[in-house]
Colleague: 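Below is the structure I would like to discuss, written out as structure tokens.
Quick caveat, the model's predicted, so the values are computed rather than measured. All residue numbers refer to positions in the sequence shown, counting from 1.
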Amino acid sequence: MAQKTKKAAKQKKIPTFAWEGKDKKGNKIKGETIAANPMLVKADLRRQGITPSKVKKKSDLFASANKKPIKPGDIAVFSRQLATMISSGVPIVQAFDIIGKGHDNPSMQEMVLSIKNDVEQGNTLAEALSKHPRHFDELFVNLISAGEQSGALESLLDKIATYKEKTESIKKKIKKAMFYPTAVLVVAFVVTAVLLIWVVPQFAQIFKNFGAELPAFTQFVMRLSDLFVEYWYMIFGGVILGVFGFIEGKHRFPKFKYFVDRVLLRAPIFGAILNKAAVARFARTLSTMFAAGVPLVDSLSSVAGAAGNIVYSNAILDMKDKVSTGQQLQLAMKQTGLFPSMVVQMVAIGEESGSIDTMLNKVADFYEEEVDAAVDGLSSLLEPLIMVVLGVLVGGLVIAMYLPIFQMGAVV
């Protein structure tokens, strides 16, 4: 029953109403409002000093064409906007109204105003956010709930906004680090395929009239060219299916995802960046949970879900089991073998002094800077590497095609 209710809540769309009315000075005005029903629209307009004369539901026939997907970056910006407005003394319903109507993305606008309507109807902010699990995960909702229960929603919103900004920054850096090698492989494959399919066959026609045996390297390249010309659709199709299968496999099969994540963590250069990013995310998330007053065991459950790497997620869940039996956090961390000794020592000092959240914040700051520096260094290293790889591939094909000509010149 509960699952049906959740499903219905996800599928229910808040309609948009076009309205006309008069303001306090008697001037005719019109606009649009997202609300559950016309009565809420009229009540909202009257609160603003507008006398509605006409409220009509807009047709959403082509509305979906203009909608953009809501990105994690949008949620980070929303968190900061809400935190700023609440700390400035703006009532929460009005804050949602301002943020929603001021957003460029219709999908984001609809979601924010939907949350506003839920809050107006008496739901807590945590309950309203939990109706959008795709954009507000369990960690986000738990932190908001803790803030509402403790009466410290204002300070918690600021911490959540900082947390979202930092985690999104880390994600962008990881994507940037992974983009360069991917770009090298894609460009190298496309350039090689173009040369093998269109350029090499032209040389093959010339070499037919040579009447002499071609060099082994040239023969290899020409056979490779024949393979690409005859089976190009299978080669390109296989690459596309392989990439699609890899992505789907990571989503559908936990064992495959674990294997891939473990290989990535052990990869040279990239593995160090991913490990530092995972430690930074762990420290930032756990620090935020501690600051919200969430118990350690409950915090570790949420931190595991936000780790971003299944190897670290499993290790954190194992730590949670050990901590729940009375073991110290720093000992549980040390036994996983994933956390650097500096991090373990910082947590140990935090446990002894009762300031784990402060120590974890320092750890997060340090490793976020480390990731930033590592990604910048990797970018500087890979830029010339792209040129070298392309130069070797293109130069190798050119040499293979000109070797017979050089040999003939030598004989003459």
Colleague: Which distance, rounded to the nearest 0.5 Å, do you find between the CD of E148 and the CD of E127?
Modeller: 8.0 Å
Colleague: Counting distance only, does the side-chain N/O of N123 pair as donor-acceptor with the main-chain N or O of D118 below 3.5 Å?
Modeller: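 A pair under 3.5 Å: yes.
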Colleague: Using side-chain heavy atoms (C-beta onward) and a distance below 4.5 Å, is L113 in contact with D97?
Modeller: yes
Colleague: Can you list the steps and then say if V221 with L196 is a side chain to side chain contact (heavy atoms under 4.5 Å, CB included)?
Modeller: CA-CA 8 Å; V221 171; L196 289 172; 4.1 Å; yes
Colleague: Say whether, by atom type as modelled, one donor and one acceptor occur between the side chain of S313 and the main chain of A304 under 3.5 angstrom.
Modeller: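 Side chain of S313 to backbone of A304, a donor-acceptor pair under 3.5 Å: yes, one is there.
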Colleague: For the pair Q94 (side chain) and P91 (backbone), establish whether a donor and an acceptor sit closer than 3.5 Å, ignoring hydrogens and angles.
Modeller: no
Colleague: Yes or no on side chain to side chain contact (heavy atoms under 4.5 Å, CB included) for L296 and M289, after CA distance, side-chain angles and deciding distance?
Modeller: CA-CA 8 Å; L296 179 56; M289 295 294 285; over 6 Å; no
Colleague: With rounding to the nearest 0.5 angstrom, report the CE to OG distance, M401 to S225.
Modeller: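 It comes to 7.5 Å.
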Colleague: With heavy-atom distances below 4.5 Å as the criterion, would you say the side chains of D261 and L274 are in contact?
Modeller: no
Colleague: Using a 4.5 Å cut-off on heavy atoms from C-beta on, say whether the side chain of M342 contacts that of F366.
Modeller: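 Sidechains of M342 and F366: in contact.
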Colleague: Can you list the steps and then say if F228 with V200 is a side chain to side chain contact (heavy atoms under 4.5 Å, CB included)?
Modeller: CA-CA 11 Å; F228 266 77; V200 174; over 6 Å; no
Colleague: To the nearest 0.5 Å, what is the distance between OG1 (T288) and NZ (K159)?
Modeller: 7.5 Å
Colleague: Look at the side chain of S87 and the backbone N and O of E154, then say whether any donor-acceptor pair between them is shorter than 3.5 Å.
Modeller: no
Colleague: Hey, do the aromatic rings of F140 and Y163 have their centres closer than 6.0 Å?
Modeller: no
Colleague: Between E368 and A280, is there a donor-acceptor pair closer than 3.5 Å when you use the side chain of the first and the backbone of the second?
Modeller: no
Colleague: Under 3.5 Å, side chain of E351 to main-chain N/O of Q328, donor-acceptor pair present?
Modeller: no
Colleague: When rounded to the nearest 0.5 angstrom, what distance separates NZ in K164 from CG in L143?
Modeller: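 Rounded to the nearest 0.5 Å, the NZ-CG separation comes to 10.0 Å.
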Colleague: Return the set of residues passing side chain to side chain donor-acceptor pair (under 3.5 Å) with T162 (not counting sequence neighbours), or none when no residue passes.
Modeller: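 T162: side chain to side chain donor-acceptor pair (under 3.5 Å) contacts with R80.
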Colleague: Are there more than 12 heavy atoms of other residues, nucleotides or ligands under 6.0 Å from atom NZ of K42?
Modeller: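 12 or below, so no.
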Colleague: Hey, which of D357, N361, T358 is the one that makes side-chain hydrogen bond (donor to acceptor under 3.5 Å, both in side chains) with S287?
Modeller: N361
Colleague: Can you check whether N142's main-chain N or O pairs, donor with acceptor, with S145's side chain at less than 3.5 Å?
Modeller: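 Between the backbone of N142 and the side chain of S145 there is no qualifying donor-acceptor contact (under 3.5 Å).
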Colleague: Look at the aromatic rings of F136 and H132 and report parallel, tilted or perpendicular, splitting at 30° and 60°.
Modeller: perpendicular
Colleague: Any salt bridge linking R47 with D44? Criterion: basic side-chain nitrogen under 4.0 Å from a carboxylate oxygen.
Modeller: yes
Colleague: Can a donor-acceptor pair be found, under 3.5 Å and without considering hydrogens, that links the side chain of N27 to the backbone of D23?
Modeller: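 Answer holds: no.
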Colleague: Return yes if some donor-acceptor pair links the side-chain N/O of N275 with the main-chain N/O of L265 below 3.5 Å, else return no.
Modeller: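 Looks like yes, one N/O pair under 3.5 Å.
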Colleague: Determine whether S341 and Q345 satisfy the following criterion, side chain to side chain donor-acceptor pair (under 3.5 Å), listing intermediate values before the conclusion.
Modeller: CA-CA 6 Å; S341 58; Q345 290 300 318; over 6 Å; no
Colleague: Check for a donor-acceptor pair, side chain of E20 on one end and backbone N or O of S53 on the other, with a separation under 3.5 Å.
Modeller: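 Checking the backbone N and O of S53 against the side chain of E20, no donor-acceptor pair under 3.5 Å is found.
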Colleague: Could you walk me through whether T218 and F203 pass the side chain to side chain contact (heavy atoms under 4.5 Å, CB included) check?
Modeller: CA-CA 10 Å; T218 304; F203 282 89; over 6 Å; no
Colleague: According to the interplanar angle, ranging from 0 to 90°, do the rings of F236 and F189 count as parallel (below 30°), tilted (30 to 60°) or perpendicular (above 60°)?
Modeller: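 Perpendicular: the ring planes of F236 and F189 meet at over 60°.
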Colleague: Report, as yes or no, whether the 6.0 Å neighbourhood of atom NZ on K334 holds more than 12 heavy atoms from other residues, nucleotides or ligands.
Modeller: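 Open.
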Colleague: First locate atom CE of M85, then atom CZ of F96, and finally report the distance between them rounded to the nearest 0.5 Å.
Modeller: 10.5 Å
Colleague: To the nearest 0.5 Å, tell me how far L157 CG sits from I86 CD1.
Modeller: 6.5 Å
Colleague: Below 4.5 Å, heavy atoms only, C-beta onward: do W19 and P52 meet side chain to side chain?
Modeller: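 No, side chains not in contact.
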Colleague: For D298, is there an ion pair with K320 - N to carboxylate O distance below 4.0 angstrom?
Modeller: no
Colleague: How close do A126 and I144 get, counting heavy atoms only, and between which atoms?
Modeller: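 For A126 and I144, the tightest heavy-atom pair comes out as N-CG2, 3.8 Å.
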